[in-house]
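Report on the structure given below.
These numbers come from the heavy atoms of this one structure, side chains and all, not from hydrogens, waters or symmetry mates. Atoms within a ligand are numbered from 1 in the order they appear, just like the ligands themselves. In what follows, residues are counted from 1 in the order of the sequence shown.
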Amino acid sequence: MTASTDKLPVVVLISGSGSNLQALIEASTRNEAAFFIRAVISNRPTAKGLQRAAAAGIETRVIDHTDYPDRDSFDAELGDSIEAFGPGLVVLAGFMRILTDGFVARFYGRMLNIHPSLLPDFQGLHTHRRAIEAGVTEHGASVHFVTAELDGGPVIAQVRVPVEAADDESTLAERVLRREHELLPQVVDWFARNRLRLRDSRIWLDGRVLARPAQC
Ligand code: GRF
């Protein structure tokens, strides 16, 4: 893959399937794309997303958290590896590790996460199951800037889907995931075009403070 210098270099962190990574790869290879994927880093050697990256000719790294004695040493190595690629943006796309405050501070304002719920509802794990159990009629996904509070950073944009009576965890997850694949490239594109910034804990989009998450 050739990297044009006027495009924003992005490092993507994954732990699993990497379908959101795939959506980013596809968006980044369009002619008009404002970003390119500089590297993909996984904490799991078997993550399928590593194969997706390799197939697209993107550099990959595995930093296996089980090789490190504690979170601080893992996060230090992870942070150094990311920095070595010189990214303008770091995207957590199904990266299943809790990050230390020091790591988050290092990438403050230039790290996004996609979370499968309408934040602030259902932070943490098993969001689809919990949404069904709670009897909500609407569910979705959110992209937010990463801050020290887990799944608690300022929410930039969301997609919404209906919860249907016949849904189980997997049908609902699939409906949400399809929309995630539209949401994440959209937000990365905004950031890459300098339309989106985090300043003084507030989100700025197109020169205005965002009062509530954009609905995509
Ligand atoms: C997505 O649902 C994402 O929101 C969550 O983890 C899942 C990752 O899926 N953080 P994939 O690896 O991108 O297919």
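In terms of the ring-ring contact (aromatic ring centres under 6.0 Å, His included) criterion, H115 has no residue partners (sequence neighbours excluded). For the ring-ring contact (aromatic ring centres under 6.0 Å, His included) test, no residue two or more places apart in sequence or in another chain qualifies with Y108. E138 is linked by a salt bridge (charged side-chain N to carboxylate O under 4.0 Å, His left out) to R160, counting only residues two or more places apart in sequence or in another chain.
With salt bridges taken as basic N to acidic carboxylate O contacts below 4.0 Å, one links R178 and E174. A salt bridge links D167 and R175; the closest N-O separation between the charged side-chain nitrogens and carboxylate oxygens is under 4.0 Å.
Ring pair F74/F95 is parallel by interplanar angle, where below 30° counts as parallel and above 60° as perpendicular.
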I'd like the atom pairs linking ligand 1 to the protein - N or O on both sides, separation under 3.5 Å - with distances to 0.1 Å.
from	atom 1	to	atom 2	distance (Å)
ligand 1	2 (O)	E180	OE1	3.3
ligand 1	2 (O)	E180	OE2	3.0
ligand 1	4 (O)	E180	OE1	2.7
ligand 1	4 (O)	E180	OE2	3.4
ligand 1	10 (N)	I114	O	3.0
ligand 1	12 (O)	G18	N	2.7
ligand 1	13 (O)	S19	N	3.2
ligand 1	13 (O)	N20	N	2.8
ligand 1	13 (O)	N20	ND2	3.0
ligand 1	14 (O)	S19	N	2.9
ligand 1	14 (O)	S19	OG	2.5

